[in-house]
Amino acid sequence: METALAEFADLVAGSQLKSDEERLAVYRALGRGEFAEGRSLDALQAAYRLGARVAWRRYARAARRSGMGPDLLVTVAEAVFVHIDEIASASVQGYAEARANHAGALAPLRRRLLELMVAGAPQEEVEKAAVEADWPLPEQVACAVLDPADPRRGRRRRLPAPVLADLDGPDPYLLLPEPALLLKDDQIRAVLRERGAVIGPTVPFDLAADSLRWARLTASHSRPTEVGSELPTSDDRLPDLLLLADPPLVRLMAERRLEPLAGLTAKQSERLGATLLAWLQTNRGSAPEVAARLGIHPQTARQRLHRVQQLFGTALSDPDARFELEVALRGRAASAASR
């Protein structure tokens with residue numbers, strides 16, 4: 001601050017000043033120093049503002065003693081605050097340069113950390129890489145897969161600093177630390193919506209590879225995200241993920257357990273299958289409970305349940321058979337929803 005005041009005094013006196021580059025270098029260095037110390041610019045900017053107010057009070061007292069007129073006093077005031085704005089801007093520039101250099105140096109280290117995490121590397125190796133990348137390991141993470149970049153979408157939005165990303169590969173994705181908090185950020189939600197994201201389950205950091213795998217599996221069976229709609233997440237589809245992991249096995253189970261529906265029309269098969277699934281999911285509920293789940297009249301539900309009983313008979317009283325029936329019906333529903 002003393003340097004700034006001395007420079008301003010020289011400026012008022014008309015003394016020969018250093019070039020702008022030399023003069024402002026000290027203030028850029030102050031900004032870089034604040035970043036290096038892990039501080040924000042708040043304290044430095046507050047010091048500049050305080051210095052400007054103190055300097056102005058002293059200049060004002062001196063001006064009044066010398067009989068300076070109001071117009072000239074206003075000119076001095078403007079000069080004080082323009083000078084402070086100039087040096088504050090230089091500090092902001094220095095801070096931004098230091099942050100950009102730091103981010104550039106960390107970028108390859110964070111790319112390697114991301115690769116290790118989604119490859120399922122040993123925990124000790126991941127922890128070491130996280131320290132090198134200056135990235136505090138969170139308790140939980142979630143991976144989000146994205147549609148490949150569309151050049152028509154223009155400039156990419158900036159991602160929050162904690163997010164690890166691979167945006168340039170054929171299958172772009174993000175790793176979100178502490179997703180329960182991060183997904184409340186409008187900025188990251190906008191990026192995810194624009195890129196047609198599907199979010200994998202929230203897992204401990206050492207299961208990041210599984211979150212990415214499950215997100216990709218969910219994405220392969222999901223419709224594109226509509227603008228303004230809720231982001232699809234695998235956390236809402238864990239049972240479906242289990243079914244989608246082995247489609248041939250689910251199809252085989254469906255062929256065997258749903259064989260009684262084979263002789264019906266497609267519409268009849270769909271209706272009775274939905275009725276049976278609703279009955280299973282309501283813990284073998286009554287006709288009114290099934291009707292409420294399906295949004296149909298209780299008498300209609302009663303008639304369909306009677307037909308289901310005729311078709312499936314004793315299988316409905318066998319716990320293993322009921323489990324396989326639900327798997328088969330849920331698998332069929334999940335497959336239909338993804339088409």
Side-chain angles (χ1 to χ4, degrees), residues 142 145 196-203 207 210-226 228-339:
V145 297
V198 174
I199 306 167
T202 297
V203 297
L207 296 181
D210 291 319
S211 183
L212 179 58
R213 176 169 58 86
W214 290 325
R216 284 174 171 162
L217 181 58
T218 303
S220 68
H221 292 82
S222 298
R223 293 189 178 96
T225 304
E226 297 180 1
S229 64
E230 276 303 305
L231 293 165
T233 169
S234 304
D235 274 323
D236 300 330
R237 299 187 61 185
L238 296 184
D240 290 343
L241 282 176
L242 187 62
L243 301 177
L244 295 171
D246 197 341
L249 180 58
V250 175
R251 283 196 299 270
L252 177 61
M253 198 176 296
E255 288 171 5
R256 293 180 177 180
R257 284 297 176 186
L258 302 183
E259 194 275 333
L261 301 177
L264 306 178
T265 65
K267 196 168 189 178
Q268 290 172 329
S269 176
E270 181 183 351
R271 285 177 175 174
L272 290 182
T275 302
L276 175 54
L277 182 57
W279 179 74
L280 292 166
Q281 292 178 330
T282 55
N283 193 24
R284 294 178 283 171
S286 64
E289 290 173 321
V290 171
R293 191 174 185 90
L294 296 176
I296 60 177
H297 193 278
Q299 184 58 33
T300 303
R302 194 171 288 109
Q303 292 170 353
R304 291 185 189 176
L305 286 170
H306 181 68
R307 182 63 175 143
V308 165
Q309 183 67 49
Q310 289 178 329
L311 290 170
F312 289 91
T314 58
L316 300 181
S317 59
D318 180 346
D320 290 337
R322 289 199 303 270
F323 173 76
E324 291 180 16
L325 281 167
E326 184 167 357
V327 168
L329 290 165
R330 288 179 68 108
R332 189 169 77 166
S335 179
S338 66
R339 289 198 292 268

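What's counted below: heavy atoms across the whole structure, side chains too, no hydrogens, waters or symmetry copies.
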For the residue pair L252 and E255, establish whether any side-chain heavy-atom pair is separated by less than 4.5 Å.
-> yes

Without swapping roles, check the side chain of T275 against the backbone of L305 for a donor-acceptor pair under 3.5 Å.
-> no

What's the verdict on side-chain contact (heavy atoms from CB on, under 4.5 Å) for R332 and L329, showing C-alpha distance, side-chain angles and the deciding distance?
-> CA-CA 5 Å; R332 189 169 77 166; L329 290 165; 4.1 Å; yes

Partners passing side-chain hydrogen bond (donor to acceptor under 3.5 Å, both in side chains) against Q299 (at least two apart in sequence or in another chain) = R302

Does a side-chain heavy-atom distance below 4.5 Å link I296 with V290?
-> no

Residues that R216 engages under side-chain hydrogen bond (donor to acceptor under 3.5 Å, both in side chains), provided they are two or more places apart | none

Considering only heavy atoms from C-beta outward, does the side chain of L238 approach that of W214 to under 4.5 Å?
-> no

With rounding to the nearest 0.5 Å, note down the distance linking CG in L294 to CD in E289.
-> 12.0 Å

Please examine the side chains of Q310 and R307, heavy atoms only from C-beta on, and report whether any two atoms are closer than 4.5 Å.
-> yes

Give a yes or no on whether the backbone of A278 and the side-chain of Q281 come within a donor-acceptor separation of less than 3.5 Å.
-> no

Nearest heavy-atom approach of S269 to L261 is OG-CB, 3.7 Å

Taking the side chain as C-beta and beyond, is there a heavy-atom pair between F312 and L325 under 4.5 Å?
-> yes

Closest heavy-atom contact between P298 and P288?
-> CB-CA, 4.4 Å

Looking only at non-hydrogen atoms, find the nearest pair between A315 and A321 and report the distance.
-> O-CB, 3.4 Å

Do the side chain of N283 and the main chain of G285 share a donor and acceptor less than 3.5 angstrom apart?
-> no

Can you tell if the side chain of S211 reaches within under 4.5 Å of the side chain of T202, non-hydrogen atoms only?
-> no

Interatomic distance, R322 atom CZ to L316 atom CG [nearest 0.5 angstrom] = 8.0 Å

Looking only at heavy atoms, the pair that brings V145 and A215 closest together is CG2-O, 3.8 Å

Shortest non-hydrogen separation from L243 to V250 and the atoms involved = O-CG2, 3.4 Å

CG of L272 to CG of L276: how many Å apart, nearest 0.5 Å?
-> 8.5 Å

Quick one: list whatever passes side-chain hydrogen bond (donor to acceptor under 3.5 Å, both in side chains) with E324, sequence neighbours left out.
-> R257

Hey, is the main chain of I199 close enough, under 3.5 Å, to the side chain of S234 for a donor-acceptor pair?
-> yes

Tightest non-hydrogen contact, residues P239 and R330, listed as CB-NH2, 3.4 Å

Heavy-atom side-chain contact between T233 and V198 under 4.5 Å = no

Can you find a pair of side-chain heavy atoms, one from T300 and one from R304, that are under 4.5 Å apart?
-> yes

